Protein chains: 2
Amino acid sequence: MENAFSDRITDVPKSFIREILKVTIDSSIISFAGGLPNRTFFPVKGLQQAAHDVFEEAGNEILQYSNSEGYLGLRQFIADRYRTQQGLEIPVEDILITTGSQQGLDLLGKTFLNEGDDLIIEEPGYLGAIQAFAMYRPRFHPVPVFEGGMDIDKLAQVLRERQPKLLYTVTNFQNPSGISYSDDNRRAVAELVQGRSCLIIQDDPYGDLRFSGTPKVSFKRLLSANTVLLGSFSKTVAPALRLGWLVAPPPIMDKLVIAKQAADLHTDYLAQRILYRFLCDNDIDAHIATIIRQYGKQKEAMISAIKDSFPAGVQSTNPEGGMFLWVTLPEGISSMALFEAAIKKKVAFVPGTPFYVDRKDSNTLRLNFSCSDEPTIVEGIKRLGQSIKELL
Amino acid sequence: MENAFSDRITDVPKSFIREILKVTIDSSIISFAGGLPNRTFFPVKGLQQAAHDVFEEAGNEILQYSNSEGYLGLRQFIADRYRTQQGLEIPVEDILITTGSQQGLDLLGKTFLNEGDDLIIEEPGYLGAIQAFAMYRPRFHPVPVFEGGMDIDKLAQVLRERQPKLLYTVTNFQNPSGISYSDDNRRAVAELVQGRSCLIIQDDPYGDLRFSGTPKVSFKRLLSANTVLLGSFSKTVAPALRLGWLVAPPPIMDKLVIAKQAADLHTDYLAQRILYRFLCDNDIDAHIATIIRQYGKQKEAMISAIKDSFPAGVQSTNPEGGMFLWVTLPEGISSMALFEAAIKKKVAFVPGTPFYVDRKDSNTLRLNFSCSDEPTIVEGIKRLGQSIKELL
């Protein structure tokens, strides 16, 4: 059947990260490779109680087929939270519950991309987005991101030369780099996009996990009709439930609902009801504050260990939130070679390469700080520092 | 943003059935229009207990990200059931858990279809499949199905003239028609497909719901390498959980897993764990037997009411299982016109038109018998019979 496959699936390579994660299953390895939230903070008891209660109160209703848009209560909760947290008025009709925010990416690709269409992606960029969009065979235009946001000159150039349909951004504590866009940078991006038929996708799975600095302005406020928001409960409650959402204005939502129906009819309704009940009966802000406190401490431990253990000439970002930071080795040093060396010292990370759409190697790497306690972080970074020194 | 949409999403019409179902929300209407399993049989207590137990025993593990293939225990349960129920040896590696079997259709479209590729679909055919595949813009070749299976001459003709990549079938108690393929018909289909690079998709959401007749041979036995099986827990346990599966040999599975990752990373893991625990702790066969008993009685009531109330010249199928039967009005009588007339008498159904890929009207209609009790069925069919007589 080999020659029967579609072009799109033939072109997509096997996930490099999946292969890496296999190596790190060995429990003697200190792994900064994963992209997982820390399971210590999953609200097991709260969700267990919520599950019990929705079965008691709603019986077989919560087990039937439901509508494609998602449970109204949960969508209303999300709308309310946009109002209280960000001062954004989002009509509940503009919210679609998705099977994780990963599905939001797939639905957007399906709804907008013809083969060969232009799409702007951050460089480095979120691998899951690259994979989801790649299925629709667009032409990727990577625009570099740094501390403070997107390379505005490069963005202007792409917008001058091409007519991109989509501009994909993770503006807060980006995966993989940990960087955030400043207010000025967001305004500059919005100004360039204004008046064009280009949709800004603001994917914000980490926005609630801010441990320093101040919240920044949303593209939804700057350029409402051109903005789609993606959100997720994976990092604030639990990822297993695969509950995310998408915010889009009505003409786009109409099409997205058609794509959603074709994709899986609707998202697990039992999970939606359990989550909604949990959110109603618990203080989600207090819960998030607990996560932030610990992640913030772990990030500080990592930054401080990097200062102590890494040789001069190695750069790292210093995120104000999220789960990742990004290390840049001196020019010419391969992070793939470093991975080979580090694994011998029983420490793992993800080399930067898969986060670029067109590179075979790079001098960058991603470190996760959400899943290791502080002593483990100090020890792991020390070993990694030794590996870097040996390579220099 | 209107002109920014992809061609695929611009071409797909709004779901006709969604519009119809809106009419039937009025609780004074007797509705044979839905496609839902009967909620009376959802195992509320069993699933509630299973949810409690998995939270107790597996705590935060069941709330973390999981692998794209699905929970091994659940996949093993499915493999075991193929062995005990159908004598099929399915390696657990060949089983992928999907977000409802609807997602299986989307993943197959993504993995196989380039724009313009040939695809064989039953006529009438499952609307959800038409919608899922339409997203990949194939050329549909409808082949009629009757009591006993597919029109073999027409199938032979399509296979002679085109090179279809996919052949989509619902061989047991088909949605919408309720027909099943005989053993001879399955063998004839397999013989025609053998030696070609064409994949038979055997979608079997209703196979367990047999109330008469004997089980028929699977395409998996007749033509293993060319067959993909789709299955679902929506009709035997509960649809809200969105838990289905797909069986495919390794070279195909490799590609499907890539598509699955891009689509939603993995299916709700909490739901998988709850369902698995439920299946281990309860007698699923006894549960299914209860459903079958009631659906069988309701089907008999509908068939008998049709004999009593419909005028001569109206044909109906007599399914051996499932949830639907199919009515053919005399030539030239529009089921859309009948819908308008019937709704005035407070009875609803789905006109046949959306189940064809290329018709504007038809003399056929789908009746659901899983969700109405026997007196309601008798009354509803009586009203429908009156409406038909008025139209003749």
Side-chain angles (χ1 to χ4, degrees), chain A residues 1-9 12 14-15 36 39-40 42 44 47-48 51-52 55 59-66 99-100 102-103 106 110-114 128 131-132 135 165 197 199 225-226 238-242 251-252 255 258-259 261-271, chain B residues 1-9 12 14-15 36 39-40 42 44 47-48 51-52 55 59-66 99-100 102-103 106 110-114 128 131-132 135 165 197 199 225-226 238-242 251-252 255 258-259 261-271:
Chain A
M1 299 292 303
E2 183 65 38
N3 61 353
F5 291 127
S6 65
D7 298 332
R8 76 178 71 80
I9 206 80
V12 176
K14 216 166 177 172
S15 167
L36 309 180
R39 66 174 64 192
T40 312
F42 294 154
V44 179
L47 287 169
Q48 184 179 30
H52 174 85
F55 275 113
N60 45 23
E61 191 242 315
I62 57 172
L63 296 174
Q64 188 57 286
Y65 281 111
S66 186
T99 306
Q102 182 70 26
Q103 187 185 48
D106 181 54
K110 212 173 242 173
T111 301
F112 285 95
L113 296 176
N114 288 323
Q131 288 176 324
M135 290 287 166
K165 278 186 171 178
S197 190
L199 198 69
N226 284 57
L241 282 70
R242 314 302 304 118
I252 296 177
K255 303 292 185 191
I258 293 171
Q261 277 192 284
D264 63 5
L265 300 182
H266 64 80
T267 292
D268 181 349
Y269 185 58
L270 174 63
Chain B
M1 299 293 302
E2 182 67 36
N3 60 353
F5 292 127
S6 65
D7 297 333
R8 76 178 72 79
I9 207 79
V12 176
K14 215 164 177 175
S15 167
L36 309 179
R39 66 175 63 192
T40 312
F42 295 155
V44 178
L47 288 168
Q48 183 178 30
H52 174 84
F55 275 112
N60 45 23
E61 191 242 315
I62 57 171
L63 295 174
Q64 187 58 286
Y65 281 112
S66 186
T99 306
Q102 181 71 25
Q103 188 185 47
D106 181 55
K110 213 174 242 172
T111 300
F112 284 95
L113 296 176
N114 288 323
Q131 288 176 324
M135 290 286 166
K165 278 185 169 177
S197 190
L199 198 69
N226 283 58
L241 281 71
R242 312 304 304 121
I252 296 177
K255 303 292 184 189
I258 293 170
Q261 276 192 283
D264 63 5
L265 300 181
H266 64 79
T267 292
D268 181 349
Y269 185 58
L270 174 62

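Chain letters run A, B, ... following the sequence lines, proteins first, then strands; residues in each count from 1. Small disclaimer: the values here were computed from a predicted structure and weren't measured.
- Considering only heavy-atom pairs separated by less than 4.5 Å from chain B, the leading option among T267(A), D106(A), N60(A), L265(A) is N60(A).
- For T99(A), the parts lying under 4.5 angstrom from a heavy atom of chain B are both the backbone and the side chain.
- Contacts with chain B were tallied for Q64(A), Q102(A), H266(A); Q64(A) has the most, counting heavy-atom pairs under 4.5 Å.
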Subject >> Verdict with reasoning, I258(A) to Q131(B), per side chain to side chain contact (heavy atoms under 4.5 Å, CB included) >> reply: CA-CA 9 Å; I258(A) 293 171; Q131(B) 288 176 324; over 6 Å; no
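- Heavy-atom minimum distance, F55(B) versus A51(A): CE1-CB, 4.1 Å.
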Original post:
Taking it one step at a time, do L270(A) and R242(B) satisfy side chain to side chain contact (heavy atoms under 4.5 Å, CB included)?
Top reply: CA-CA 9 Å; L270(A) 174 63; R242(B) 312 304 304 121; over 6 Å; no
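- L63(B) and P239(A) make their closest contact through O-CD, 3.0 Å (heavy atoms, listed as atom of the first residue, atom of the second, distance).
- Between F5(B) and K165(A) the shortest heavy-atom distance is O-NZ, 3.7 Å.
- Side-chain atoms of H52(B) and H52(A), non-hydrogen and from C-beta on, never get closer than 4.5 Å to each other.
- Residues L241(A) and D268(B) approach most closely at CA-OD1, 3.6 Å, considering heavy atoms.
- With hydrogens and angles ignored, the 3.5 Å screen pairs a side-chain donor or acceptor of N114(B) with a backbone N or O of D7(A).
- Of the possible polar contacts, one joining the R8(B) side chain to the L113(A) backbone as a donor-acceptor pair under 3.5 Å is found.
- Of the two parts of L47(A), the backbone and the side chain both hold a non-hydrogen atom closer than 4.5 Å to a non-hydrogen atom of chain B.
- When each of G100(A), A238(A), A271(A), S66(A) is scored by its heavy-atom pairs under 4.5 Å with chain B, the top score falls to A238(A).
- Across A132(B) and A262(A), no two heavy atoms sit closer than the pair CB-O, 3.8 Å.
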